Amino acid sequence: MKKKYTPEYKARVVLELLREEATINEVASRNDVHPTQLRQWRKAAIEGMPELLGDKRRRDILIKEHEEVVKELYAQIGELTAKFNWLKKKSGIDV
């Protein structure tokens, strides 16, 4: 069965790795995680740091734009569903 780790757990283990007080194999055995998995977590953390430490305003703008697109798509879905139901009713077809 595949193990699932919380983001908090991953962060704690990656911080332990970044301190470099122990080898990756020591950290892996202490936390019962495969060393390859730890390397992946460390790589993801290091690659994600610029975004995390970046300009919050830019991230907020991107989130707002994404929310607007989602809102428009849901509106289109609603409109198309209403048209479909109307056409279904008018044609007498039971789908």
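Predicted model, so just to flag it, every value in this text is computed and none were measured.
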Hydrophobic cluster membership, Tyr9 vs Val14, 4.5 Å side-chain cutoff: yes

Atom pair CG (Asn85) and NZ (Lys83), whose distance is rounded to the nearest 0.5 Å: 13.0 Å

Within 6.0 Å of CD in Glu68, more than 12 heavy atoms from elsewhere: yes

Co-membership, hydrophobic cluster, residues Leu38 and Met49, 4.5 Å side-chain: yes

Cationic N near anionic O, under 4.0 Å, Asp55 to Arg59: no

Contact check, side chains of Glu16 and Asn31, non-hydrogen atoms, under 4.5 Å: yes

Separation between CZ of Arg57 and NZ of Lys64, rounded to the nearest 0.5 Å: 15.0 Å

Atom pair CD (Glu8) and CZ (Arg12), whose distance is rounded to the nearest 0.5 Å: 11.0 Å

Distance in Å, Ile63 CD1 paired with Lys56 NZ, rounded so as to fall on 0.5 Å steps: 8.0 Å

Interatomic distance, Arg42 atom CZ to Glu47 atom CD [nearest 0.5 angstrom]: 11.5 Å

Joint hydrophobic cluster, Val70 plus Ile77, side-chain heavy atoms closer than 4.5 Å: yes

Salt-bridge present (Arg30, Glu26; N to O < 4.0 Å): no

Hydrophobic cluster membership, Tyr5 vs Leu17, 4.5 Å side-chain cutoff: yes

Linked, directly or transitively: Ile46 and Ile24 (ILVMFWY side chains, under 4.5 Å): yes

Gln37 side, atom CD; Lys3 side, atom NZ - distance, nearest 0.5 Å: 10.5 Å

